[in-house]
Amino acid sequence: MSKWTVHALRAVLAVVLAGTVFVQVSMVWALVSGNDPEDGSLPLTPLRLIMIMGMLAAQVALVSVWRLVTMVRRGTVFSHAAFRYVDAVIGSIVAAALVWFAVTAVNAPGQREDPGVTVIMAGVGVAILGVALIVLVLRMLLVQAVARDGEASRMRAELDEVI
């Protein structure tokens, strides 16, 4: 991975992380202070709490990807230490899907006349779970790569002993 790619990815991750923290703090402030600029037509408190949780899941994924990029840059990504970060990304994606389903449930009563919106939103939640499954498959590929790397190291050590 080139140096520029790593810097560009880290810049994007930092901007998104800072943005989510800013929005989270703003939402918490709106909840704590009682300064609600809206007219109260939507259940804003549950939506804000759900979104704060969703952004927390995104932040966990961002930090985990940052750590994985660091491991790639150092050449240590094919190790057992990478599994915890990949598992954190998978967990974050599943949490994001659950958050999306919660938003769908909160929004559903307002969509009684047009339930298609709720069905589409539920479909998006299923698609988010599909992304988690894709990352799970990639984790299985990482497991195979780590096993092969370990086997290659063992065979190199045996060859060095013979020589």
Side-chain angles (χ1 to χ4, degrees), residues 1-29 31-32 45-107 118-163:
M1 186 178 276
S2 76
K3 192 178 200 181
W4 292 104
T5 306
V6 170
H7 289 308
L9 180 57
R10 285 186 176 165
V12 169
L13 293 173
V15 168
V16 173
L17 185 62
T20 58
V21 168
F22 174 75
V23 172
Q24 268 181 325
V25 169
S26 299
M27 287 183 166
V28 169
W29 178 253
L31 287 171
V32 171
T45 300
L47 282 174
R48 282 194 179 122
L49 291 173
I50 292 168
M51 292 314 298
I52 289 168
M53 300 294 277
M55 284 185 271
L56 180 64
Q59 290 163 351
V60 169
L62 290 168
V63 170
S64 297
V65 169
W66 184 288
R67 296 292 301 158
L68 286 168
V69 168
T70 301
M71 293 179 82
V72 167
R73 189 76 180 134
R74 292 181 183 158
T76 59
V77 75
F78 294 113
S79 66
H80 292 284
F83 294 141
R84 72 175 155 208
Y85 300 116
V86 176
D87 291 341
V89 170
I90 293 168
S92 296
I93 296 169
V94 170
L98 295 176
V99 164
W100 186 258
F101 287 130
V103 168
T104 303
V106 169
N107 188 46
T118 304
V119 172
I120 291 170
M121 289 179 72
V124 170
V126 171
I128 295 170
L129 286 175
V131 172
L133 289 173
I134 291 170
V135 177
L136 182 62
V137 168
L138 294 174
R139 183 193 187 282
M140 289 182 220
L141 292 173
L142 180 63
V143 168
Q144 289 179 355
V146 168
R148 290 212 172 114
D149 190 48
E151 184 179 343
S153 296
R154 185 184 51 79
M155 292 175 90
R156 250 185 253 119
E158 287 178 6
L159 186 60
D160 287 345
E161 287 178 13
V162 170
I163 294 175

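No experiment lies behind these values; they were computed from the predicted model shown.
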Do [X] and [Y] come within less than 4.5 Å of each other through their side chains, counting heavy atoms only?
X: R73; Y: K3; answer: yes
X: L17; Y: W66; answer: no
X: V99; Y: M55; answer: no
X: M53; Y: L49; answer: no
X: V86; Y: L138; answer: no
X: L136; Y: M140; answer: yes

Least distance between heavy atoms, [X] atom then [Y] atom:
X: T104; Y: M121; result: OG1-CB, 3.4 Å
X: L129; Y: A97; result: CD2-CB, 3.5 Å
X: V126; Y: F101; result: N-CZ, 3.7 Å
X: A132; Y: V94; result: CB-CG2, 3.9 Å
X: Y85; Y: R67; result: OH-NE, 3.3 Å
X: V77; Y: L142; result: O-CD1, 3.8 Å

Atom CZ of residue position R74 - does it have more than 12 heavy atoms of other residues, nucleotides or ligands inside 6.0 Å? no
For F83, is the CZ atom crowded, meaning more than 12 foreign heavy atoms sit under 6.0 Å from it?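 More than 12 heavy atoms, drawn from other residues, nucleotides or ligands, come within 6.0 Å of this atom.
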How about S64 and R84: does a side-chain donor come under 3.5 Å of a side-chain acceptor? no
Find the distance between OG1 (T76) and CE (M71) and round it off to the nearest 0.5 Å.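 Spacing of OG1 (T76) from CE (M71) equals 4.0 Å.
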Side-chain donor/acceptor of S92 to backbone N/O of A57, under 3.5 Å: yes
